[in-house]
Amino acid sequence: MIDDFLYGTAGNTGPLAEVEAAVRAAAAAEIVPRHRKLAAHEIIEKSGPHDLVTAADRLAEEHLTAALTKLLPGSVVVGEESVHADPAVYDALGGDAPVWIVDPVDGTRQFVRGEAGFCTLVALAQHGEIHASWTYAPVLGEMAVAVRGRGATLNGAPIRAGAPAPGAVLDVAMSHPDYTTDAQKRALLGLRTEGIAARPCGSAGLEYLAVARGDLDGIAFNWEYAWDHAAGLLLVTEAGGAQATLAGVPFRIAGGNDLPFTAARDKATVARILTALRAGG
C-alpha cells in the first residue's frame with residue numbers, strides 16, 4: 001500500500017509534495033501563530049517541568065491526523081499527544097496498517113521559550129520499516145525530506161552526511177544523563193572521554209538534521225519514543241549515515257531496544273560512539 005502511495009507512477013512525486021504541503025499547513029495554522037504568543041493556560045506540564053505540551057502541539061496533531069489519513073485511506077496515526085491520551089495507540093506500530101508517526105512540536109521547551117529550535121516531524125512506516133519522513137522547522141525555513149532508497153533533501157537540494165576527518169574530535173549531542181536509569185546514565189557518561197566533545201541535545205529532530213547535513217558528527221539517546229526518532233533515523237541513513245543500538249543492531253521503532261542508541265555520519269563514527277557508551281556502562 002505504501003509503495004503504491006509513494007511511487008504509484010514512475011517519477012510521480014505528487015504524494016510526497018502533498019504530505020509536505022500538509023505539514024506546512026498544520027504549522028502555519030496552529031504552530032507559527034502561537035510562537036512567542038502562548039498564554040499561560042496554553043502550556044501544561046505532563047510528567048514534569050521538562051515534559052510540556054501546548055495548545056500548538058495538540059491542535060497541530062489534530063490537523064495532521066485529519067490531513068494525513070485523508071491522503072492515505074486506511075492509514076492510522078501514532079502521535080505524541082494521542083499516545084499520551086491513550087497509550088494503546090502506540091500498538092499500531094506493530095500492526096498491519098500504514099502508520100503516520102507524528103511529533104507536532106519537537107522541541108516544545110524551545111518553542112515555549114520563544115526560540116527557533118523546534119520542528120514538526122512526520123514519518124510514514126509499515127511493519128516496522130520507515131518509508132518516508134518530513135522534518136520541518138518553520139521559523140528556520142527548513143524542510144528536510146527522506147524517502148527510503150531515494151536519498152535525503154533539504155529545501156529540495158540533496159544532502160549528505162559525509163564523514164569526520166580521521167582522528168578528529170567528535171561533536172556528539174546526547175540525552176541529559178539525569179533523565180535516565182543508572183545503567184544508561186553510566187553509558188552516556190562514557191561519552192565524556194578524550195576524542196569526543198559531548199553536549200546536551202536540543203530538539204531531537206533538528207539534531208538528526210544536523211547529522212544528516214554533516215554539521216554534527218553523532219547523537220546518543222536513551223529514550224525510544226518513535227515520534228522523536230523515526231523521521232530523523234531515515235533522514236540520517238538516506239543521507240549516507242548509520243545507526244545502531246547499544247547491542248549493535250538497528251533501532252526498532254516499535255520499541256524494545258537496548259539503550260542508549262546512536263546515529264552518526266558514518267559507520268566508523270557509530271562504532272566509536274558505541275565503544276565509548278560500552279566503556280561507560
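Note that the numbering runs from 1 along the sequence shown for the chain. Just so it is clear, the values below take in all heavy atoms, side chains as well, and ignore hydrogens, waters and symmetry mates.
Under the 4.5 Å side-chain heavy-atom criterion for ILVMFWY residues, no single connected hydrophobic cluster contains both Val89 and Val77. Residues Val147 and Val211 do not share a hydrophobic cluster, defined by chaining ILVMFWY side chains whose heavy atoms lie under 4.5 Å apart. If you chain together hydrophobic residues whose side chains sit under 4.5 Å apart, Leu16 and Trp100 fall into the same group. Trp134 and Tyr136 end up in the same hydrophobic cluster when Ile, Leu, Val, Met, Phe, Trp and Tyr side chains are linked at under 4.5 Å. Hydrophobic cluster membership is shared by Val19 and Val145, with clusters built from Ile, Leu, Val, Met, Phe, Trp and Tyr side chains linked at under 4.5 angstrom.
The shortest side-chain heavy-atom distance between Val102 and Leu68 falls under the 4.5 Å cut-off. Using a 4.5 Å cut-off on side-chain heavy atoms (C-beta onward), Lys267 and Arg272 make no contact. Between Leu154 and Glu142 there is a side-chain heavy-atom pair separated by less than 4.5 Å. Side-chain contact check for Ser133 versus Val122: every heavy-atom pair is 4.5 Å or farther apart. A heavy-atom distance below 4.5 Å is not found between the side chains of Glu80 and His84. Counting heavy atoms from C-beta outward, Phe111 and Ser203 have side chains that stay 4.5 Å or more apart. Side-chain contact between Pro104 and Leu59 is absent, with no heavy atoms from C-beta onward closer than 4.5 Å. Residues Asp91 and Leu93 are not in side-chain contact: their nearest non-hydrogen atoms beyond the backbone lie 4.5 Å or more apart.
Side-chain atoms of Ser82 never come within 3.5 Å of backbone atoms of Val78 as a donor-acceptor pair (strictly under, hydrogens ignored). Checking side-chain atoms of Asp106 against main-chain N and O of Cys119 turns up no donor-acceptor pair under 3.5 Å. Counting only distance, with no hydrogens or angles, the side chain of Asp86 and the backbone of Ala88 share a donor-acceptor pair below 3.5 Å. Here the side chain of Arg186 pairs no donor or acceptor atom with the backbone of Gly280 at under 3.5 angstrom. Of the possible donor and acceptor atoms, none in the side chain of Arg199 sits under 3.5 Å from a partner among the backbone N and O of Val172. Judged purely by atom type and a 3.5 angstrom limit, Glu207 uses its side chain to pair as donor or acceptor with the backbone of Gly202. Side-chain atoms of Gln110 never come within 3.5 Å of backbone atoms of Glu115 as a donor-acceptor pair (strictly under, hydrogens ignored). Here the side chain of His63 pairs no donor or acceptor atom with the backbone of Arg58 at under 3.5 angstrom.
Gly218 approaches Ile273 most closely through the heavy-atom pair CA-CD1, 4.0 Å. Nearest approach of Thr135 to Gly205, heavy atoms of both residues: CG2-O, 4.1 Å. Across all their heavy atoms, Ala276 and Ile196 have their closest contact at CB-CD1, 3.8 Å. Closest approach of Ala226 to Ile253, counting heavy atoms only: CB-O, 3.6 Å. Considering all non-hydrogen atoms of both residues, Leu206 and Gly117 come closest at CD1-C, 3.5 Å. Heavy atoms only, all atoms of each residue included: Asn257 and Pro250 are closest at OD1-O, 4.1 Å.
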Could you check Met174 against Cys201 for side-chain contact (heavy atoms from CB on, under 4.5 Å), going step by step and ending with a plain yes or no? CA-CA 5 Å; Met174 58 181 265; Cys201 69; over 6 Å; no
Any chance you could lay out the ring pair (Phe, Tyr, Trp, His ring centres under 6.0 Å) test for Phe5 and His131, step after step, and finish with the verdict? CA-CA 11 Å; Phe5 173 70; His131 290 259; over 10 Å; no
Derivation of the side-chain contact (heavy atoms from CB on, under 4.5 Å) call for Leu188 and Asn222: CA-CA 8 Å; Leu188 288 169; Asn222 70 288; 4.1 Å; yes
Do Asp96 and His127 pass the side-chain contact (heavy atoms from CB on, under 4.5 Å) test, and can you show the C-alpha distance, the side-chain angles, and the key distance before you say yes or no? CA-CA 6 Å; Asp96 291 328; His127 300 141; 3.2 Å; yes
Full working for side-chain contact (heavy atoms from CB on, under 4.5 Å) between Phe221 and Ser175: CA-CA 5 Å; Phe221 293 138; Ser175 301; 3.6 Å; yes
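How far CD1 of Ile2 is from CG of Leu72: 7.0 Å, rounded to the nearest 0.5 Å. Taken to the nearest 0.5 Å, the NE2 atom of His35 stands 11.0 Å off from the CZ atom of Arg113. Atom CD1 of residue Ile159 and atom CG of residue Leu209 lie 6.0 Å apart, to the nearest 0.5 angstrom. Annotation: the span from Gln184 atom CD to Phe261 atom CZ amounts to 11.0 Å, rounded to 0.5 Å. Separating the CG atom in Leu71 from the CG atom in Leu64 is a distance of 10.5 Å, to the nearest 0.5 Å.
If you check the side chains of Asp217 and Thr269, you find no donor sitting under 3.5 Å from an acceptor. The closest side-chain donor-acceptor pair between Thr120 and Asp103, if any, does not fall under 3.5 angstrom.
With ring centers used as reference points, Trp227 lies under 6.0 Å from Tyr90.
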With a cut-off of 3.5 Å and sequence neighbours excluded, list every side-chain donor-acceptor pair involving residues 232-245.
from   : atom 1 : to     : atom 2 : distance (Å)
Thr237 : OG1    : Leu233 : O      : 3.0
Thr237 : OG1    : Leu234 : O      : 3.1
Glu238 : OE1    : Gly149 : N      : 3.3
Glu238 : OE1    : Arg150 : N      : 3.3
Glu238 : OE1    : Gly151 : N      : 2.8
Glu238 : OE2    : Gly149 : N      : 2.8
Gln243 : OE1    : Phe251 : N      : 2.9
Thr245 : OG1    : Ala247 : N      : 3.3
Thr245 : OG1    : Val249 : O      : 3.2

Name the atoms and distances for all side-chain donor-acceptor pairs under 3.5 Å in residues 22-33, with sequence neighbours left out.
from  : atom 1 : to    : atom 2 : distance (Å)
Arg24 : NE     : Glu20 : OE2    : 3.1
Arg24 : NH2    : Glu20 : OE2    : 3.2
Glu30 : OE1    : Arg34 : NH1    : 3.1

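Between His229 and Tyr208, the angle of the ring planes goes over 60°, which puts this pair in the perpendicular group of the 30/60° scheme.
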